[in-house]
Amino acid sequence: MNDSDNSMRPVRFRWLAVLVLFAGSLGLYVATMCRGAFPGLPAKSLAWHLGLDASPTLLDYLWGWIVRLCALLPGRPVAAGMGLVSALAGAAGVALLAALMMRVRYSIHDPHDPDETGREEQARLLAGCTAGLFLALSVPFWILSTRSLPGTFHMLLLLLAAWLFSEYQRTGKPSRLYGLGLVYGVGISEFTTFWIFAPLAAVLVARAMLQRAEFSWPVLIRTALCAVPGFLLYFPHAWALFADPAVRLRGFTSAWQVMWFIWRDQWTLIVTGPFILVGVLTAIPWGVLFLLRAKKPAWRYSPWQVILRLVALTVPLFALFYLDLHKSLKLLVPSLAKQLSSLGLFFPLATPYLILAACAGYVAGEFWVMGQSREHRNAGIGQPLRKTMGVLAALLPLAALVAGYRNLPVADGRPGARIDALAAELLESVQGRDVLLSDGVLDDNFRLLSWRRGMDLDVVSGPQTASALYRQYLAGVFTSPRQQA
């Protein structure tokens, strides 16, 4: 009975740590959340999905449904409501990542040694806390969690798929793979990153089945079939978009053509911009740590293996302290700082930070195992350096907290509410007019505020009037002879 209680205690403690991370990150995100429509992409995202923009996006179908459901609430608190949804999804993502990292086991020398197994349990706890804090306090993820943006919702889908895969590894139940197939199908239709990880996911599933000596073609086929309902979401999405007059103005002649352009837009996100470069920078440390894991205990690592892990840890630390380092580089090497600005290392790319947070957590766990005092004093890099690695591992959560304090001014969403309030004051001066000519800065805020108040107001974006497509859109909006004049 006592042995059973002792074995359950670390599990209970890990789940308590996960709950603390969830509650802490949720409290942080809610406290720093923008209560209004944050100007820029967050306000634009809401305008897209509420049909208030002349050129609505073809992506984020499920997120759009959540936006429209939130708009049905009394008072239409869509901006604050979607900010809260982002905060909840962000906190859940932090908790899921921590829980996943606490499942990762580390190689030990003697599984019957209580000191060694206890150290390994501590390492898993430290790994989860480190990964959770690195993700929660990184600038992009923090921003996505405090604005009306779909990023944290997408990350939650990705982490849910990873959790189901982990559940299959733990239990061997095919139902977990079927759930993975369903979530993955939904994710592919919603979030471009699922396409990128699809080949790797297929390989990992097959590898997990082979490791359990349970490889089965029927199970794989049923898993693939479970993804079909998610793929089918493309059809209602395309038909709903084609029914929108603003979408048809772009020259679409059928819902099938809309679907083709949805796929094209997803592909464009993959092959253009900084996505590939950032993906490579994050995939290398992830591949080194997880795909090339050493089978021997960490305290026996050779110097080059330790150096490799220190290099892999440098990348997440650089990403976490990116703003401070970028300011220093501006002073020391301005040309390099200018190139790094274009890498898109923050806002709104959050997937690389998810991967890097997992890498940081894993290295923290390895270094903590390495730091245990052992009789083999000269093994690996030697006892003194091994203890130093253990101290470094213990300091990583503290480093994340310091970075969070430094990142707060940039990630804080509360200033956006003040700008939204200023837009509301400017809207008061309309005084019954039904057309507002804007300079393009707060157009979406004006549209959202007038929609929420039920005002019969058309906001015309001055910079967009040079576009023939936008003028066609206005021709459909302005129906009265007075407005057309």
Side-chain angles (χ1 to χ4, degrees), residues 1-21 95 97-134 166-167 169-171 211 285 288-313 316-317 357-401:
M1 184 68 178
N2 292 335
D3 291 342
S4 176
D5 291 341
N6 291 335
S7 64
M8 289 297 294
R9 196 170 299 148
V11 177
R12 293 171 182 168
F13 196 76
R14 287 201 298 267
W15 279 111
L16 177 62
V18 169
L19 290 174
V20 169
L21 281 171
L97 175 64
L100 281 167
M101 293 307 301
M102 290 179 190
R103 285 188 166 188
V104 177
R105 293 186 176 275
Y106 297 92
S107 299
I108 57 178
H109 179 69
D110 184 3
H112 302 290
D113 183 351
D115 292 334
E116 196 167 3
T117 55
R119 187 79 174 192
E120 195 264 350
E121 288 286 351
Q122 295 170 6
R124 292 163 65 182
L125 177 65
L126 179 62
C129 293
T130 301
L133 289 172
F134 266 61
S166 173
E167 277 290 288
Q169 288 182 306
R170 185 179 69 88
T171 65
Q211 286 178 333
V288 167
L289 294 176
F290 288 95
L291 299 183
L292 301 176
R293 292 174 62 185
K295 295 183 179 181
K296 58 185 177 182
W299 53 269
R300 294 180 57 191
Y301 284 176
S302 62
W304 76 267
Q305 288 176 308
V306 175
I307 291 172
L308 195 62
R309 280 152 178 79
L310 286 172
V311 172
L313 181 61
L317 285 171
C359 292
Y362 183 76
V363 172
E366 282 196 318
F367 282 175
W368 185 251
V369 172
M370 188 183 300
Q372 184 181 16
S373 298
R374 303 194 58 82
E375 297 178 358
H376 311 78
R377 294 188 57 82
N378 296 323
I381 58 175
Q383 186 69 60
L385 286 178
R386 294 204 305 267
K387 283 190 175 182
T388 302
M389 295 299 103
V391 173
L392 175 61
L395 291 176
L396 287 177
L398 180 61
L401 293 174

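Nothing here was measured: the structure is a model prediction, and the numbers come from that model. For the numbers below, each heavy atom of this structure counts, side chains included, while hydrogens, waters and symmetry mates do not.
A pairwise comparison of heavy atoms in Leu97 and Ala357 identifies CD2-CB, 3.9 Å as the closest pair. The two atoms that bring Pro397 and Thr130 nearest to each other are CG-OG1, 3.5 Å, heavy atoms only. The two residues Gly365 and Ala123 have their closest heavy-atom pair at O-CB, 3.4 Å. Residues Met101 and Gly128 approach most closely at CB-CA, 3.8 Å, considering heavy atoms. Between Ala364 and Leu396, the closest heavy-atom pair is CB-CD1, 3.6 Å. Residues Gly371 and Gln383 share a closest heavy-atom pair of O-NE2, 4.4 Å.
To the nearest 0.5 Å, the span separating OH on Tyr301 from CD on Glu366 amounts to 3.5 Å. The line from CG of Leu125 to CG of Leu16 is 9.5 Å long, rounded to the nearest 0.5 Å. We find the CD-CD1 distance between Glu120 and Ile108 to be 5.5 Å, quoted to the nearest 0.5 Å. Interatomic distance, Glu121 CD to Tyr106 OH, rounded to the nearest 0.5 Å: 11.5 Å. Of the inter-residue distances, the one linking Leu308 atom CG with Leu313 atom CG reads 11.5 Å to the nearest 0.5 angstrom. Separation of atoms CZ (Arg309) and CE (Met370) is listed at 7.0 Å; rounding is to 0.5 Å.
Every residue two or more places apart in sequence or in another chain was checked for a side chain to side chain donor-acceptor pair (under 3.5 Å) with Thr117, and none qualifies. Annotation: side-chain contact (heavy atoms from CB on, under 4.5 Å) contacts of Arg119 (sequence neighbours excluded): Gln122, Trp368, Gln372.
For the pair Met389/Leu310, a side-chain contact is recorded, criterion being any heavy-atom separation below 4.5 Å from C-beta on. Looking only at side-chain heavy atoms (C-beta outward), Val391 and Phe367 stay at 4.5 Å or farther from each other. A 4.5 Å side-chain heavy-atom check between Cys129 and Met102 finds at least one atom pair inside the cut-off.
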